[in-house]
Amino acid sequence: VESGYHAWLSYNKALPGAQLEQYRQWGGAIVSLEEQETIQAAAAELKLGLEAMLGHSVSAAPNQGQLHIALGTFDSLHVRYQSLFSEKEIEAAEAEGFVIRTSHADSCLAIGAASPAGVLYGVFHLLRLIGTGAAIDELAIISAPVNGLRMINHWDNFDGSIERGYAGNSFLYKNNRFTEDQERLRDYARMMASVGINAIAINNVNVHQEETLFITPTYLPQVAKLADIFRVYGIRLYLSINFASPIQIGGLETADPLELDVQGWWNNKASEIYAAIPDFGGFLVKADSENRPGPFTYGRDHAEGANMLAEALLPHGGIVIWRCFVYNCKQDWRDRKTDRARAAYDHFKPLDGRFNDNVVLQIKNGPLDFQVREPVSPLFGALEHTNQLIEFQITQEYTGQQRHLCYLVPQWKEILEFNTYAEGEKAPVKRVVDGSLWGNRINGMAAVTNVGEDWNWSGHLLAQANLYGYGRLAWNPDLTAEQIASEWIQLVFSLDAAIHDVISGLLMDSWSIYESYTAPLGIGWMVNPNHHYGPNVDGYEYSPWGTYHFADHKGIGVDRTVQTGTGYSAQYMGANAEVYNSLEHCPDELLLFFHHVPYTHVLHSGKTVIQHIYDNHFEGVERAAQLLSAWSSLQGRIKEELYSQVEERLREQARHAEEWRDQINTYFWRKSGIEDKHHRKIY
Ligand code: GCU
């Protein structure tokens with residue numbers, strides 16, 4: 001059944017148009033001469049895609065002079081086609097990139113790369129070109145990934161549940177067993193490879209009892225089988241580990257990173273893991289965070305904790321990915337001095353330069369926790385001597401849980417373009433993250449994925465665009481959100497321009513719509529505790545989590561200024577520190593993140609804060625309803641099963657947006673006693 005399972009690898013039949021003749025000419029035969037498994041997989045994928053899109057069968061042996069597609073590593077292609085690729089091209093493709101070139105002299109459209117994974121990426125790129133209707137007659141493309149690590153984090157638990165999962169249960173595990181559905185795993189690996197993902201951590205960062213055993217003989221053989229599937233598609237497997245493993249499964253009395261016994265235990269453990277999985281990627285670690293064990297128990301710091309694991313992995317080429325999501329989750333809400341937003345910087349800035357070369361810090365994009373709107377984490381730009389990754393959240397924990405539409409690529413783009421002022425004017429986050437600013441050996445992006453066993457992978461079909469977009473952006477952060485949306489729409493739905501424009505409009509407006517009826521002016525957390533779905537203005541106001549808005553009858557917002565607040569604004573560099581600290585210059589969308597103001601404070605927009613809240617919530621609901629009506633215009637023009645599943649979710653969103661509007665507006669009307677200028681219905 002076509003219900004979204006094949007996602008952007010649906011290989012819909014090409015429209016009979018200008019390019020179809022070209023595709024047929026070049027795509028009649030494939031030459032692939034290498035036995036290597038990744039290259040074989042690439043050739044199989046190309047055949048599958050071409051046959052589906054072009055509706056003809058593809059041969060493996062072109063006739064004399066017949067146009068064809070050749071794929072392989074540079075060395076192997078060179079034997080048959082002597083002068084296809086120049087030295088310059090080969091160099092520019094780097095280790096993981098590819099070159100695609102049409103050579104009429106050789107009757108050949110060639111996909112070459114230094115590595116088998118590069119060949120695979122090149123094949124997926126060619127399939128994407130055809131799937132989006134591009135000309136292929138005169139190709140000369142060189143593409144290399146900008147980021148080294150392009151990683152997916154699963155928050156899947158062994159019992160089959162997924163922490164913050166909104167697309168059904170796990171397809172990796174069920175009832176404390178590894179899945180036996182190899183085909184689904186392979187399809188997943190294909191999908192991930194097609195957008196350039198090269199690293200996957202397969203278990204939740206909160207490592208519970210059974211998952212702690214993943215690094216023991218009980219489960220290692222099964223982890224290794226999963227790694228075998230990923231390997232074919234150029235993906236390395238990583239595990240989240242429990243810092244207290246030496247106690248929990250090793251029979252030791254301590255997990256102190258400076259104890260020789262503990263170090264020895266991890267060294268042996270690493271050897272054992274690499275005996276089972278020779279290309280094992282390494283460990284992902286959540287330590288001293290939200291009640292997880294860590295080095296603090298022993299009076300050690302995070303550099304000592306991370307380096308101990310790094311030493312164990314070093315001889316095998318593995319790395320430690322150490323998360324910076326460290327803060328006090330048992331705060332007293334009466335305490336106005338402690339500011340959770342400060343925590344990551346306060347913990348990790350002093351450790352800059354102390355981490356081993358095979359440690360990389362994983363930093364959430366914002367200082368709090370994946371809210372609809374937050375400033376960029378001030379740690380980006382502050383760690384000159386430390387490898388670092390940015391962590392995004394594809395799963396929509398605070399952005400509508402895949403019941404609401406929220407295309408996140410525009411948000412990620414904004415974050416990646418944000419100038420940190422670390423090295424003056426030209427130090428955007430993307431250049432910190434890709435390692436180019438300071439020459440970090442390990443660099444890139446990680447993201448918590450949004451997939452589950454739902455047949456369309458992501459629950460909300462349109463949420464697939466976030467998964468697709470994350471991979472594309474990790475490969476090349478300079479792609480625009482519009483370009484990425486266009487590719488995805490064309491590959492999944494149709495090349496029809498009118499259909500494309502409707503869906504693109506929906507995606508591109510969706511973040512702003514979701515923000516407008518949920519979280520005003522940079523205030524987050526107005527959600528129901530625990531599951532985080534739906535409005536609850538005071539849901540986290542008197543909690544220990546450090547997540548407050550401080551609304552009273554006069555005003556709202558968190559004072560994070562240097563003069564009268566928590567001083568968080570001073571963690572930024574250059575103009576950022578001044579702009580955020582200034583009531584006058586702080587951008588409207590982050591005003592309440594940095595300042596506590598009266599409801600009558602006038603924004604740059606000319607509106608008062610309270611009128612902005614009312615207007616945005618009324619407009620947000622109207623705009624959510626427009627998403628539904630725009631989508632309705634597609635009925636009968638796209639496949640019914642795709643149409644109807646999205647319609648159902650957009651209908652729920654429109655209804656639920658009203659609940660948001662009414663709760664938020666009513667709350668602030670009752671608190672402030674200030675009437676809506678337009679006298680709309682508030683309860
Ligand atoms: C959020 C999320 C948790 C998760 C944590 C993390 O707080 O709600 O479920 O464990 O982030 O990133 O570790």
Side-chain angles (χ1 to χ4, degrees), residues 151-167 169-170 201-209 211-212 238-244 283-294 296 302 305-306 320-331 339-344 347-348 360-374 377 379 388-402 406 408 412 415 445-452 470 518-519 524-534 536 539-540 543-548:
M151 183 172 203
I152 286 289
N153 290 180
H154 279 261
W155 284 359
D156 298 36
N157 299 315
F158 202 33
D159 66 6
S161 63
I162 301 179
E163 182 148 347
R164 312 307 176 186
Y166 310 106
N169 279 335
S170 174
I202 62 166
N203 61 312
N204 189 357
V205 288
N206 296 313
V207 184
H208 306 297
Q209 192 153 345
E211 294 85 346
T212 300
Y238 290 70
L239 287 172
S240 298
I241 56 103
N242 181 344
F243 194 81
F283 297 147
L284 172 60
V285 194
K286 174 175 180 177
D288 293 315
S289 165
E290 299 185 329
N291 307 313
R292 304 312 301 159
F296 285 168
H302 279 220
V320 173
I321 304 173
W322 191 272
R323 295 177 83 231
C324 294
F325 186 56
V326 179
Y327 69 98
N328 177 5
C329 66
K330 294 190 180 128
Q331 190 180 327
D339 178 6
R340 169 168 167 183
R342 295 186 56 113
H347 280 292
F348 286 92
V360 58
L361 298 184
Q362 181 165 310
I363 307 167
K364 285 193 182 184
N365 64 255
L368 291 178
D369 198 5
F370 303 131
Q371 301 300 294
V372 187
R373 175 76 66 175
E374 291 186 47
S377 169
L379 269 181
Q388 53 208 289
L389 306 177
I390 194 166
E391 178 176 333
F392 291 122
Q393 198 186 40
I394 309 172
T395 194
Q396 290 171 237
E397 178 176 0
Y398 295 98
T399 51
Q401 304 202 350
Q402 286 135 254
C406 193
L408 291 164
W412 300 334
I415 293 161
M445 300 189 192
V448 185
T449 193
N450 64 352
V451 294
Y470 166 70
T518 57
W525 304 106
M526 299 194 307
V527 293
N528 285 302
N530 306 317
H531 60 69
H532 300 164
Y533 191 68
N536 185 343
Y540 275 103
S543 80
W545 297 94
T547 46
Y548 318 114

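The shown structure was predicted, so the numbers you read here are calculated from the model rather than taken from an experiment. Order of appearance sets the numbers: ligands from 1, and atoms from 1 within every ligand.
Remark: the Tyr238 side chain and the His154 side chain contain no N/O donor-acceptor pair separated by less than 3.5 Å. For the residue pair Asn206/Glu163, the side-chain donor-acceptor check at 3.5 Å is satisfied.
The aromatic rings of Trp525 and Tyr398 sit perpendicular to each other, their planes meeting at more than 60°, with 30° as the lower class boundary.
Shown here are the side-chain hydrogen bond (donor to acceptor under 3.5 Å, both in side chains) partners of Ser289, two or more places apart in sequence or in another chain: there are none.
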Going through the checks in order, is the ring-ring contact (aromatic ring centres under 6.0 Å, His included) test met by His302 and Phe348? CA-CA 8 Å; His302 279 220; Phe348 286 92; 5.3 Å; yes
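When each of Glu290, Arg342, His347 is paired with Tyr327, the side chain to side chain donor-acceptor pair (under 3.5 Å) condition holds for Glu290 and for no other.
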One line per pair, note the atom names and distance for all nitrogen or oxygen contacts under 3.5 Å between ligand 1 and the protein.
from	atom 1	to	atom 2	distance (Å)
ligand 1	7 (O)	Glu290	OE2	3.2
ligand 1	7 (O)	Asp369	OD2	2.7
ligand 1	8 (O)	Arg164	NE	3.0
ligand 1	8 (O)	Arg164	NH2	3.0
ligand 1	8 (O)	Glu397	OE2	2.6
ligand 1	9 (O)	Glu163	OE2	2.4
ligand 1	9 (O)	Arg164	NE	2.9
ligand 1	10 (O)	Glu163	OE2	3.0
ligand 1	10 (O)	Asn206	ND2	3.0
ligand 1	10 (O)	Lys286	NZ	3.1
ligand 1	11 (O)	Lys364	NZ	3.0
ligand 1	12 (O)	Arg323	NH2	2.7
ligand 1	12 (O)	Lys364	NZ	2.7
ligand 1	13 (O)	Lys286	NZ	2.6
ligand 1	13 (O)	Arg323	NH1	2.9

